[in-house]
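Each remark here refers to the structure printed beneath this line.
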Amino acid sequence: MRASARIVARCQADGSTRLTTLAGEAPLLLRRAARQGAKQAPDEGAPPDGAGTGGPARVYLAGGTAGPLGGDELRCSVDLGPGARLEVHGVDASVALPGPHGRESALEIHARVGEGGALSWSPRPLVAARGARHRTVARVELAADALLVWRDELILGRDGEDPGSVSTRLRVLRAGRVLLDREVAFGPRHPGSLGPAGSGAHRAIGSLLVVDPAWASAPVDGVPSGSPLSRLTPQDEPAVAVAVLRLSGPAVLVTAAASGAAALARVLDGAI
Amino acid sequence: MSREAVARQGAGRGGGTLRVGICGPVGAGKTSLIAGLCGALGTELSLAVLMNDPDVQAEEPLLTHQGLDARRIAAVRTGCSPQAAIRDDIRANAAAAETLESLFAPLDLLLVEAGGADLGANFSRALIDRQIFVLDAAAGDRTVRKGGPGVTQADLLLVNKTDLAAAARADLERMRRDAAARRGESPTVFVSLAEHPGAPAVADWVRKLMAQRRLTATGQERR
Amino acid sequence: MSLIPLLLLADSRLPGGTHAHSGGLEAAVAAGRVHDGETLRAFLLGRLTGVGFTAAAFAAAAALELSGGLVVGERGVQTREAAALDAEYDARTPSPAQRATSRALGRHLLCAVRAGWPGVLLDAVAGLHPDGPHHPIAFGAAAAVAGVDPGGAAEAVALGSVTGPAHAAPRLLGLDPDAVTAVLASLAAQVEQVAAAAAKAARGPVEELPAVGAPLLEIAAQQVRGGQVRFFVS
């Protein structure tokens, strides 16, 4: 199956963000949040009009059907104009499943955030079911003063199941220069990835990238104080392992591994 | 520098900070000697200490107690191979030494403490100018006779804990004879750092080296 | 290509500062993840296909880029391509501790190699960053001046990604050195595969070079273990 989704957001004269395009198809269905704080949204595909609240526009990414399924080719593009602010949330975890021909499923995400824009991308976790082969590639281009929060959660197998194979690569450019390029890959098709240099005994692996141009002037070592990130306690324990990594730029990557999805979510929630 | 020039060099370092390496088995008194030298020389010389110690935080107070600024202490981890770090692959030590020397320039004296090692341990001449090997008299009187590059090549051999020698049935005279036989003209000092923490003989030896160095430096300038 | 320069560069006794690094093994041992030959093998395999693959590709890319020598322009030696590789590798190393280790080892390696193969190229690469170039970039540059082809550079770096921690294993675990040799030999075919894939990737665009990391190695590299003395730098 081939499917694509596209979100275009522009900043209005009053400072609010208007969704000028919101187009998705299963399994990449997009739902507009009715208003700030509302969890569920009305019909998908309603004519885009301004959020009108002054806050960021909100979109829910809903799976619609099971999948991605082996062989699926999914594309998602996000385009935020100057000053536009958008939050993309997930509704349910997606479950990558093997397809009929043993082919790989792929999700390509391309996001662009203009001057003064802010994108928060926090879909629900991706579960790599037994036998699955999935690959996510995300490329994010940020203007120099754009804000970004990007969350990734991988669950290695459903409850009591051997994991499938999954990889996810996130490449972030800031003002045209590479800020982060990172792939993590787990599962039987990635030798050594489930061992002590890979996921270890953990079943849930996640990361949270925060790019904040305000940190450009802060010293490059250490985590900016005052940010919730500085409250995270680095640890390497059997239940939870987490580190807060300052990149060579105004950005911090929280990288975490946990025994299960709920524990991982708790750690990453604490970072925002 | 050309490959040939580097190959010819091999003999050691030139001017700048006087670097003294301090080597010897664990517990012989290396850190105590350094603490003593900090106390004795700290007011007359600008000095810093580089420790090959995985737990430098535990050692630091011994030196800061002698008035040494904690920022003048740096540490290097040796990956459980203390001898490699001072002899076979001195990169980390050389880099840390250069950092201290540039941070506190002009630095007169840099004391480099090796991790506890056996009698075969010695410093590369590319890392230090002079080296002291510290032995524990109470560990037995056969250590000097056994020799090894550490004992035979050290510019100064320091036999510490002479106050405990009798209790350990170690014969200091025998050690003195062995040292003379093994080390020829090179000096050997017997001391109890517990009783004489300032190690005046060693401090004087360092002062003499400093004076020689200044003389050579001015001589070179005149030329 | 003569094998001698490659063997010289890959010799673990080359004084490039690596003896004090365990490639994350010390932390993995402390966390109880590695305790015997079997868990060591699994650890080394993960390192090889993760950071080993990424590093090997960058070494090969640097060797490829620099094998033709450097163009000396009006503003001195041109190092734009090498600098781009260094920036890309930096972005692939999110852990500050791992970045610092990689740059220190790059600097140390160049110190050693410059004695054997002096010249403007290594001087220029050494000046890419005040803390030194990232290790794979330094290795690729060393390969270029020593006459080692990009494939050889990839093989040496892929192998080095496992021999470093492997040689730390007897010191950390008291493991039989012969058992360690057996583990390394059992990984030989995989080292070759990873190196071949890395050398192939090195011929592609810089932005598409591998970027595989290992979360647990990153996390462990940042840990300051209270009360526990660490013997290795990494």
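In the text below, chain A, chain B and the rest are named by the order of the sequence lines, each starting its count at 1.
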Does atom [atom1] of [X] have more than 12 heavy-atom neighbours, drawn from other residues, nucleotides or ligands, at distances under 6.0 Å?
X: Arg169(A); atom1: CZ; result: yes
X: Asp178(C); atom1: CG; result: yes
X: Arg203(A); atom1: CZ; result: yes

So how far is it from [X] [atom1] to [Y] [atom2], rounded to the nearest 0.5 Å?
X: His129(C); Y: Ser248(A); atom1: NE2; atom2: OG; value: 7.0 Å
X: Phe53(C); Y: His190(A); atom1: CZ; atom2: NE2; value: 11.5 Å
X: Glu207(C); Y: Leu173(A); atom1: CD; atom2: CG; value: 8.5 Å

task = Using a strict 4.0 Å threshold on nitrogen-to-oxygen distance, state whether Arg171(A) and Glu88(C) make a salt bridge.
result = yes
Please state whether the side chain, the backbone, both or neither of [X] comes within less than 4.5 Å of a heavy atom of chain A.
X: Gln98(C); value: neither
X: Glu38(C); value: neither
X: Leu209(C); value: backbone

Any side-chain heavy-atom pair from [X] and [Y] closer than 4.5 angstrom?
X: Pro234(A); Y: Gln223(C); result: yes
X: Pro215(C); Y: Val184(A); result: yes
X: Gln222(C); Y: Leu245(A); result: yes

Residue among [options] with most heavy-atom pairs under 4.5 Å to chain A:
options: Leu40(C), Ile219(C), Thr54(C), Leu45(C); value: Ile219(C)
options: Ala42(C), Pro94(C), Ala214(C); value: Pro94(C)
options: Gly24(C), Ala84(C), Gly50(C), Ala91(C); value: Ala91(C)

Atom group of [X] that falls short of 4.5 Å from chain C, counting heavy atoms:
X: His202(A); result: side chain
X: Val178(A); result: both
X: Ile205(A); result: side chain
X: Arg182(A); result: both
X: Ser199(A); result: backbone

key: Residues from residues 130-148 of chain A approaching chain C under 4.5 Å (heavy atoms)   = none
Please identify, among [options], the residue contributing the most non-hydrogen atom pairs under 4.5 Å to chain C.
options: Ala185(A), Ser193(A), Ser167(A), Pro191(A); value: Pro191(A)
options: Ala257(A), Gly198(A), Ala251(A), Gly200(A); value: Gly198(A)
options: Ala201(A), Ala241(A), Gly195(A); value: Ala241(A)

